[in-house]
Amino acid sequence: MIQVSHYQKIWHTVQLIPKGYVAGYGQIADLAGLPGRARMVGKSLGATPKGMFIPWFRVLRSNGQIAFPSGSELAAEQTGLLQQENVVVLNNRVKMKVFQWKPDLIEILSKLKY
DNA sequence: CTCGTGACCTTCA
DNA sequence: GTGAAGGCCACGA
């Protein structure tokens with residue numbers, strides 16, 4: 001059993017999100033084995049080491065809205081990256097009903113077997 | 001050790 | 001649809 005920081009687990013989990021899909025902060029926290037720690041996900045993404053690729057733009061709020069105020073640079077950046085992957089973004093939000101990632105337990109377990 | 005902080009979530013009015 | 005309030009807890013100073 002390797003000891004890893006929660007940040008590492010979160011980053012790893014986020015990288016499992018397939019192209020063209022999105023997931024919620026709470027969802028990521030749950031999959032990373034940290035139920036109820038949605039806020040930690042945000043912290044982690046903010047602390048993401050530069051140079052390491054993390055599809056942070058595929059992570060949205062549970063209601064499908066982008067976590068940044070519309071108009072901010074990050075929001076624009078995220079919107080652009082999502083649309084680049086065929087994800088429709090309108091008024092700073094995404095239709096979770098259509099684009100939400102439905103993870104396979106087998107996939108998660110095999111990728112996160114620490 | 002205590003305190004402040006946070007890219008959140010859910011519930012209720 | 002909106003907004004406020006409470007809960008959650010790791011992390012850094």
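These numbers come from the heavy atoms of this one structure, side chains and all, not from hydrogens, waters or symmetry mates. Owing to the predicted nature of the structure, the values given are computational and were not obtained by experimental measurement. Naming convention: chains lettered A, B, ... in sequence-line order (proteins, then strands); numbering from 1 in each chain.
The interatomic distance linking Gln65(A) (CD) with dT10(B) (C1') rounds to 16 Å, in whole Å. Straight-line distance from the CZ atom of Arg58(A) to the C1' atom of dA7(B): 17 Å, rounded to whole Å. Rounded to whole angstrom, the span from the CG atom of Asn92(A) across to the P atom of dA7(B) amounts to 16 Å. In this structure, CZ of Phe68(A) is placed 8 Å from P of dC8(B), rounded to the nearest angstrom. One can place CG of Leu81(A) at 19 Å from P of dA7(B), the figure rounded to the nearest angstrom. Atoms CZ (Arg61(A)) and C1' (dG3(C)) sit 13 Å apart, rounded to a whole Å.
Contact record, Ala47(A) with Trp11(A): O-CZ2, 3.6 Å, taken as the closest heavy-atom pair. Residue Lys9(A) comes nearest to Val4(A) through the heavy atom pair CG-CG2, 3.7 Å, listed as atom of the first residue, atom of the second, then distance. Minimum heavy-atom separation, Ala23(A) to Ile28(A): CB-CD1, 3.8 Å.
With hydrogens and angles disregarded, a donor-acceptor distance shorter than 3.5 Å links the side chain of Gln27(A) to the backbone of Gly24(A). In terms of modelled atom types and a separation under 3.5 Å, the side chain of Asp104(A) and the main chain of Ile106(A) share no donor-acceptor contact.
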- Going 5' to 3' through nucleotides 4-11 of chain C, assign each nucleotide B (protein heavy atom under 4.0 Å from a base atom), S (under 4.0 Å only from sugar-phosphate atoms) or - (no protein heavy atom that close). ---BBSBS
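Side-chain atoms of Arg93(A) lie closest to dT2(C) of the nucleotides dA7(B), dT2(C), dC8(B).
Shown here are the side chain to side chain donor-acceptor pair (under 3.5 Å) partners of Ser70(A), two or more places apart in sequence or in another chain: there are none.
Nucleic acid contact class of Gly46(A) (heavy atoms, under 4.0 Å, all strands): base.
Using a 4.0 Å cut-off, no side-chain N or O of Ser62(A) falls inside it from OP1 or OP2 of dC8(B).
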